[in-house]
Participant: 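Take a look at this one; I'll ask things after.
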2 protein chains.
Amino acid sequence: MRYFFCDQYWKISKDGSAGPIFFYAGNESDVEVYVNATGLMWENAAALGALLIFAEHRYYGKSQPLGPGSIDTEPGYLSAEQALADYAQLIHYLRGSLGAQRCPVIAFGGSYGGMLAAWLRRKYPALVQGAIAASAPVGAFVSNPKFDTSTYWKVVTDDASAAGGASEPCAPNVRRTFAAIFERRASLQGRQQLSEAFHLCEPLAESDVEALAFWLQGAFDAYAMGNYPYPSSYMGGTADHPLPAWPMRVACQHLSQADMQDDGLFEAIQKAVAPMYNASGSKECYKVSELAGPAATPKTWLYLWCTEQMPQEMPYFPANGRNDMFWDQGPFNKSRIEAECLDTFGVAPRYSWAEIEFGLTDYSASSNIVFSNGELDPWHTGGVLHDVSETVVALVIPDAAHHLDLMFSHPDDPPAVVEARKTEVQHIERWVKEHAPKTHAAAVPVM
Amino acid sequence: MRYFFCDQYWKISKDGSAGPIFFYAGNESDVEVYVNATGLMWENAAALGALLIFAEHRYYGKSQPLGPGSIDTEPGYLSAEQALADYAQLIHYLRGSLGAQRCPVIAFGGSYGGMLAAWLRRKYPALVQGAIAASAPVGAFVSNPKFDTSTYWKVVTDDASAAGGASEPCAPNVRRTFAAIFERRASLQGRQQLSEAFHLCEPLAESDVEALAFWLQGAFDAYAMGNYPYPSSYMGGTADHPLPAWPMRVACQHLSQADMQDDGLFEAIQKAVAPMYNASGSKECYKVSELAGPAATPKTWLYLWCTEQMPQEMPYFPANGRNDMFWDQGPFNKSRIEAECLDTFGVAPRYSWAEIEFGLTDYSASSNIVFSNGELDPWHTGGVLHDVSETVVALVIPDAAHHLDLMFSHPDDPPAVVEARKTEVQHIERWVKEHAPKTHAAAVPVM
């Protein structure tokens, strides 16, 4: 298990007391991604005298319990529960080896990492004193009766509308494009037109048209999650060619006219997805085999989906083409998904497991968690959106995409994000203060 | 997995609301033991309109995941975490199949079952609304720096003293007896005397003298845990020949004189342990091979000890013969224990695991738990003895042995136990009341 450690800001007083431990609960990437992106931890470390730890999730990055490619050798040890236990072990080990037994630990995380941060506080409340759970869709499980999976695509669509600062005709144009694509599915001539319009390297087979559509949908998905106010490569593009500021608005600039014809729509959408799939502009065409259909989910995440039902937008949250700008993807397809899980890993989905193990959005018996949610982020529909108690609070942040509050400060940050970060730091300060050693209340013998 | 189900008292109203689920978190025995013993659940079911569930712990009784004798086939699936997950699954399943999704669940348990009840509330707070954790030594782990293992035997000794209602010379006499036994260890003649005095069927080898001493200690251990105010077979004896009321006091009646000689002491101790080991009086002698030394720990518990460090009094909590009436058993013997775990299961003890996973006695971030502790019960020294908050409370019950408060009411119950049960029911009533559906607090958008 790999972790990054930075003690340059850690304050240790003469009486042996020390500053808090800021602990990033790594999610489904190489942990260096989170080391480099989590400005909220870096920017507040000095003021709070905090030690910084970034822990890598087992089976990701260099943390391969059975050597490189552990997912192919033996996926069975990959689970959120085991990752949480790894983090608990690491916290215990660090506290002991650093003489930091009394230091409060504040968990941080975004997205699945935010879920892990909230669960660390819920499941290990004696080890972890509080959690900043940013854009954590703890309720975004298909078995959750309170979670309407179609709302995810509704938010993506809102981002591509005037409400999201985009051109009003954008969403209707996108919806019309998908209809026009599927109209051409059955005919050779139609597919030739699609192949040319979308710069594909090869002819498009009938069975690949859906993959093309999902690939296009994927770009809009990324623009919604990554709808940041400044150029960023966090959700797409490269360091040299990041997604532009407000990428959904930029994409929608190509789709801003109300009376576009089909070929104009195709050309516009092709331009709209280019920042995602051809950031440097160097690709002359896209290989059909590389269209990012649902099968492109990394195996490490697919296993978590199959066993723990982790949120996975495509194809598990079907769009319906009515409340959203995509197309009717039908009801949740249990048998297709079960076949995929069985074929790939020999396992069957445990639909109720997350509800049993983690309690979805019911945090009434927990404390010291900030759930932050960006209103532009489609994942907010699966988050905790209402204050649960004085110590379990929900922030709903207008003009913010996927866990923007965790990122480094930027001059173009919307004021609401600046405010949200302040609120988060106030909560952290209170958790640290309240963790000071207490004396026992008096014993209460009966009689 | 086996469970018992009783819905005869369950109240279901016309509006679909229903009474609570009382859920016994089975511990290390056939669950029928707890069905038959847990009067607190039975006696309050009617008044609270409760459904009663008694769940059996995996690898115990009939709940053998790999068939009979699962512990010998594959012990690897035996853990407290898995037992808790079993209970969570069962609660979720029952709620769904009975249409009881909104029913509050109150966990009950005594001893290790009390630990499981507290942990259920801690780890599954959305599924379990409160817990009665009776005589739950959640801090009785050898790695807990706040837990002095010698205090266990100090309480056993207090029970055998005037403070416990026994004769004052009892404890000193017991201590002298152990000294006299070990004085005879090296000589054949001495061991012959021991063999005769303790009614052994065979000559006693030098290497068996320690086992004899532990066997005698085991009876006093049982009398302390089972120091109930009326005859009971819960901690020893049989249904026809239960331990007597206040068994420690009865045992001490044989040891009430200050000036007893060694042979008088041997005879007295022999009589003192007879209710434990020869309840019906039909045994003419005790086989040396059956002396209940430390090796007699059932494998199912030894595995939990080796892997989870579950509390185990002998030989893991060594007596010292100074604060207690036994003998100096030396320091905690890591290497001996590690060898035993390795030989038996091929595993090594994880000394810090319980602290990491369950947080020992730190319940500052939990709610809705009553920790009850009998002052006569040696396990109370490893329990939560001070109120943690308004909703995590500690009851210290004078005149009560191991989870007496869970048992059926009896005319000879000490008033303190009657009072403790009332307090427990008040907490349960509050948890049930507070679980009524709530409306959300207002959303708090930033800005």
Side-chain angles (χ1 to χ4, degrees), chain A residues 81 85 88-89 91-93 96 121-130 352-353 355-368 372 375 385-389 393-400 405 414-420 422-423 434-435 438 440-447, chain B residues 81 85 88-89 91-93 96 121-130 352-353 355-368 372 375 385-389 393-400 405 414-420 422-423 434-435 438 440-447:
Chain A
E81 296 87 324
Q89 283 267 18
I91 290 166
H92 181 264
Y93 162 77
R121 171 61 183 165
R122 153 165 268 173
K123 293 284 197 179
Y124 295 90
L127 277 178
V128 174
Q129 279 61 56
S352 298
W353 179 244
E355 181 183 352
I356 296 168
E357 180 65 17
F358 299 118
L360 300 176
T361 56
D362 181 355
Y363 279 80
S364 57
S366 293
S367 57
N368 292 8
S372 65
E375 251 183 358
L385 300 174
H386 301 276
D387 281 5
V388 175
S389 64
V393 301
L395 305 179
V396 178
I397 317 173
D399 304 323
D405 48 323
V417 170
V418 177
E419 201 59 35
K422 275 188 200 160
T423 305
E434 288 178 359
H435 186 62
K438 284 177 205 70
H440 280 304
V444 181
V446 172
M447 297 284 292
Chain B
E81 296 88 325
Q89 284 266 19
I91 289 166
H92 181 266
Y93 162 76
R121 171 62 182 164
R122 151 164 269 172
K123 293 284 195 177
Y124 296 90
L127 277 178
V128 175
Q129 278 60 55
S352 298
W353 178 244
E355 181 182 353
I356 296 169
E357 180 66 17
F358 299 117
L360 301 177
T361 56
D362 181 355
Y363 278 81
S364 55
S366 294
S367 57
N368 292 9
S372 65
E375 253 184 355
L385 300 176
H386 301 276
D387 280 6
V388 174
S389 65
V393 301
L395 306 179
V396 177
I397 316 173
D399 304 323
D405 48 323
V417 170
V418 177
E419 201 58 34
K422 275 188 201 160
T423 304
E434 288 178 0
H435 186 63
K438 282 177 208 68
H440 279 306
V444 180
V446 172
M447 296 283 293

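Just so it is clear, the structure is predicted and the values come from calculations on it, not from any experiment.
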Participant: Which answer fits B/E355, side chain, backbone, both or neither, if we ask what part of it has an atom under 4.5 Å from a heavy atom of chain A?
Facilitator: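 Interface part for B/E355: side chain.
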Participant: Side-chain contact, heavy-atom cut-off 4.5 Å: A/K123 with B/Y124?
Facilitator: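 When only atoms from C-beta onward are counted, B/Y124 and A/K123 do touch, with a gap below 4.5 Å.
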Participant: Where do B/A126 and A/R122 come nearest, in terms of heavy atoms and distance?
Facilitator: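 Reported closest heavy-atom pair: CB-NH2, 4.1 Å.
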Participant: For B/P414 and B/D399, work out which heavy atoms get closest and say how close.
Facilitator: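 Heavy atoms only, the tightest pair is CG-O, 3.5 Å.
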Participant: Please report the closest heavy-atom contact between B/Y363 and B/F358, naming both atoms and the distance.
Facilitator: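 So the minimum-distance heavy-atom pair works out to OH-O, 4.4 Å.
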Participant: Can you tell me which portion of B/L127 sits under 4.5 Å from chain A's heavy atoms? Options are side chain, backbone, both or neither.
Facilitator: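 Only the side chain of B/L127 comes within 4.5 Å of chain A.
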Participant: In terms of heavy-atom pairs under 4.5 Å with chain B, which of A/A365, A/G359, A/S372 leads?
Facilitator: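 Among A/A365, A/G359, A/S372, the one with the most close pairs to chain B is A/A365.
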